[in-house]
Undergrad: 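Dropping a structure here in structure tokens format, bear with me for questions.
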Protein chains: 2
Amino acid sequence: MESARKQEIIAEAAQLFATRGYHATSMRDLAKALALQGGSLYSHIDSKEELLWLIVDEAASQFLAMLHAVTASDTPPEATLRDAVRGHVGVIANDLAAATVYFHEWRFLTEPRRSAFLARRRDYEARFRQIVAAAVVDSPAVDPKWATTLILSATNWLYQWYDPAGPLPPDELADRYITMLFHGILMPQPVP
Amino acid sequence: MESARKQEIIAEAAQLFATRGYHATSMRDLAKALALQGGSLYSHIDSKEELLWLIVDEAASQFLAMLHAVTASDTPPEATLRDAVRGHVGVIANDLAAATVYFHEWRFLTEPRRSAFLARRRDYEARFRQIVAAAVVDSPAVDPKWATTLILSATNWLYQWYDPAGPLPPDELADRYITMLFHGILMPQPVP
DNA sequence: CCTATACTTACGAACGCTCGTTAGCCTTAA
DNA sequence: TTAAGGCTAACGAGCGTTCGTAAGTATAGG
């Protein structure tokens, strides 16, 4: 359980790491954004890398919790996959800064945190693949492994350009992606 | 026209920037990889950022040259799009380090190079969108803008995981992606 | 209610080190 | 004789982090 002040520091760090990058953000930059002196941060945190870890690990928890919620209900496989894509997009859009750090800055973690991160990400991808496999079970030409890679690749890229203040809500974007991914972009007639 | 020695420096810088990141790679790291002393690099280059720019700008040229080659021949729209996706994947797979720097480290460019980079990238995406638009002209439910975003998002992510030494050749990977993107992942019968 | 004690949060200075870059000198080959 | 390409040494700035200290707040004992 982190104190309220520490949560503020983590949130500000996520913003700065996302916009400037982890190594290009100094502890004094972070302190200045919080109206503190550089050394004062260390009343709350152990190290700069701890901040990176807390941001990245919390994001991993968000992704995994979302998948658990999606698979808990008893819906048809295609609907479950649709919910998972919506959820994945939602986690990213909900905290874009954290998602950016999760996708872009994780590699600056050192061991053993780096391995811990990778294990959680592998776990997430494996669970996601099971959902995809169930949805494409009647499509013999589609390999669930590559379908999963395609879906997660397309959606992970969101953090590079998505603007939460823009006109496109996350669910609407997800539905557009889902329609194209499910039925292809070469559709002579509209989806019924 | 860069000298042979400078090309070596650029290539090594691309490797290091890709694996460690731009800001986490010091000029002394780069010099050591080339069996030089730190200061000696400056006989060949003006600054660290010039290296970043040369890598990123060359990659942009590769992408644009590929698109020009693809659109030069007189093929049906769908085949042109297929060639463009193959080409995009090919440019990434051909020089994974340069592609990684192109996608991951460009934001550390300062003005005016940052704007120059973004202009070239916008140009590329606009040309790609025209190819997509021609291919999906008979698919009223598909917006070329979002189809382009989907295709480029999925393929850009390649640099995160693709291993040129692995068992999957770039063209084969591209064809798998194209099949799913064109016809969707929910296909009760195989594509004829 | 008052006081003693401890805890929290911050300051400001400093530590040892690394950063990108520059200057001047030396060697080699054309 | 010149020029290219390497060396060593150094510059000022900034890095993450630690330190001693102090003010403010909460808690507990009498």
Side-chain angles (χ1 to χ4, degrees), chain A residues 1-57 101 104-114 117, chain B residues 1-57 101 104-114 117:
Chain A
M1 199 56 48
E2 317 289 1
S3 77
R5 191 71 172 127
K6 186 163 183 178
Q7 294 288 1
E8 290 179 53
I9 294 173
I10 296 169
E12 190 63 47
Q15 287 293 333
L16 290 176
F17 291 173
T19 54
R20 304 187 195 177
Y22 177 71
H23 273 114
T25 303
S26 76
M27 294 305 276
R28 288 171 181 84
D29 291 338
L30 174 58
K32 181 174 285 185
L34 292 155
L36 285 180
Q37 296 296 316
S40 307
L41 291 168
Y42 290 84
S43 298
H44 302 274
I45 63 165
D46 293 336
S47 67
K48 187 184 185 184
E49 194 189 324
E50 190 210 353
L51 279 175
L52 178 58
W53 167 252
L54 289 170
I55 296 162
V56 153
D57 191 52
V101 176
H104 214 102
E105 312 291 337
W106 66 267
R107 61 204 180 113
F108 298 120
L109 290 170
T110 60
E111 295 296 347
R113 294 197 256 230
R114 186 186 171 100
F117 165 83
Chain B
M1 200 57 46
E2 317 290 0
S3 78
R5 192 70 172 128
K6 187 163 182 177
Q7 294 287 1
E8 290 179 53
I9 294 172
I10 296 169
E12 190 64 46
Q15 288 293 334
L16 290 176
F17 291 173
T19 54
R20 303 185 197 180
Y22 176 72
H23 273 114
T25 303
S26 75
M27 296 305 277
R28 288 168 179 86
D29 291 338
L30 175 58
K32 182 173 283 185
L34 293 156
L36 286 179
Q37 296 297 316
S40 306
L41 290 168
Y42 290 84
S43 299
H44 303 275
I45 63 166
D46 292 335
S47 68
K48 188 184 185 183
E49 194 188 325
E50 188 209 354
L51 281 174
L52 178 59
W53 168 251
L54 289 170
I55 297 163
V56 153
D57 191 52
V101 177
H104 215 102
E105 312 290 337
W106 65 268
R107 60 203 181 112
F108 298 121
L109 290 170
T110 60
E111 295 297 346
R113 294 197 255 231
R114 187 188 170 98
F117 164 82

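A note on names: the letters A, B, ... follow the listed sequences, proteins ahead of strands, and every chain is numbered from 1. Scope of the values below: all heavy atoms of this structure, side chains included, with no hydrogens, waters or symmetry mates. These numbers were taken from a predicted model, which means no experiment stands behind them.
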Undergrad: Please state how far atom CG in B:Leu52 lies from atom C1' in C:dG20, giving the value in whole angstrom units.
TA: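 Going from B:Leu52 (CG) to C:dG20 (C1'), I get 14 Å.
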Undergrad: What is the 5' to 3' range of DNA chain D, first to last nucleotide, that sits under 4.0 Å from any heavy atom of chain A?
TA: D:dC15 to D:dT18
Undergrad: What is the distance, to the nearest angstrom, from the CG atom on B:Leu41 to the C1' atom on C:dC19?
TA: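 Taking CG of B:Leu41 and C1' of C:dC19, I get 14 Å after rounding.
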Undergrad: How long is the line joining NE2 of B:His44 and C1' of C:dT21, in whole Å?
TA: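 My rounded result for the distance is 15 Å.
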Undergrad: Check salt bridge (Lys or Arg N to Asp or Glu O under 4.0 Å) between A:Lys6 and all other residues, then give those that pass, not counting sequence neighbours.
TA: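 A:Lys6: salt bridge (Lys or Arg N to Asp or Glu O under 4.0 Å) contacts with A:Glu2, A:Glu50.
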Undergrad: What orientation do B:Tyr22 and B:Phe17 show, parallel under 30°, tilted 30 to 60°, or perpendicular over 60°?
TA: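 Ring orientation of B:Tyr22 relative to B:Phe17: perpendicular.
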Undergrad: In whole Å, I'd like the distance from the CG atom of B:Leu51 to the C1' atom of C:dT21.
TA: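 Taking atom C1' of C:dT21 as the reference, CG of B:Leu51 is at 13 Å.
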Undergrad: With a cut-off of under 6.0 Å to the ring centre and 45° to the axis, is B:Lys48 in cation-pi contact with B:Phe108?
TA: no
Undergrad: B:Arg114: which residues meet the salt bridge (Lys or Arg N to Asp or Glu O under 4.0 Å) condition with it, sequence neighbours left out?
TA: none
Undergrad: Applying side-chain contact (heavy atoms from CB on, under 4.5 Å), run through B:Met27 and B:Leu51 and close with a yes or a no.
TA: CA-CA 11 Å; B:Met27 296 305 277; B:Leu51 281 174; 4.3 Å; yes
Undergrad: Passes side-chain contact (heavy atoms from CB on, under 4.5 Å), A:Glu105 versus A:Val56? Steps please.
TA: CA-CA 9 Å; A:Glu105 312 291 337; A:Val56 153; 5.9 Å; no
Undergrad: Return the value, rounded to whole Å, for the distance between atom NZ of B:Lys48 and atom P of C:dT22.
TA: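 Spelled out: NZ on B:Lys48 to P on C:dT22 is 14 Å.
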Undergrad: Give the minimum heavy-atom separation between A:Leu30 and A:Leu16, together with the two atoms involved.
TA: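 Between these two residues, the closest heavy atoms are CA-CD1, 3.6 Å.
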Undergrad: Identify all pairs in which a protein N or O lies below 3.5 Å from an N or O of nucleotides 12-16 of chain C, and state each distance.
TA:
residue, atom, partner, partner atom, Å
C:dA14, N6, A:Arg28, NH2, 3.2

Undergrad: Taking only residues two or more places apart in sequence, or in another chain, which ones meet A:Ser40 in a side chain to side chain contact (heavy atoms under 4.5 Å, CB included)?
TA: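 Side chain to side chain contact (heavy atoms under 4.5 Å, CB included) list for A:Ser40, sorted by chain: A:Leu36, A:Gln37.
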Undergrad: Within the 4.5 Å heavy-atom criterion, are A:His23 and B:Arg20 side-chain neighbours or not?
TA: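 The answer is no, as the side chains (C-beta and beyond) never meet within the 4.5 Å cut-off.
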Undergrad: Quickly work out the B:Glu50 CD to C:dG20 C1' distance and round it to whole Å.
TA: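 From B:Glu50 CD to C:dG20 C1': 14 Å.
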Undergrad: Which residues in residues 9-26 of chain A have at least one heavy atom lying under 4.0 Å from any atom of DNA chain D?
TA: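 Going residue by residue through residues 9-26 of chain A, the ones with a heavy atom under 4.0 Å of DNA chain D turn out to be A:Thr25, A:Ser26.
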Undergrad: Considering non-hydrogen atoms only, spot the tightest contact between B:Arg107 and A:Gly21 and give its length.
TA: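 Smallest interatomic distance, heavy atoms only, reads NH2-CA, 3.7 Å.
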Undergrad: Taking all non-hydrogen atoms of both residues, which atom of A:Asp29 and which atom of A:Ala24 are closest, and how far apart?
TA: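 Smallest interatomic distance, heavy atoms only, reads OD2-O, 3.9 Å.
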Undergrad: To the nearest angstrom, how far is A:Leu36 atom CG from C:dC11 atom C1'?
TA: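 Rounded to whole Å, this separation is 10 Å.
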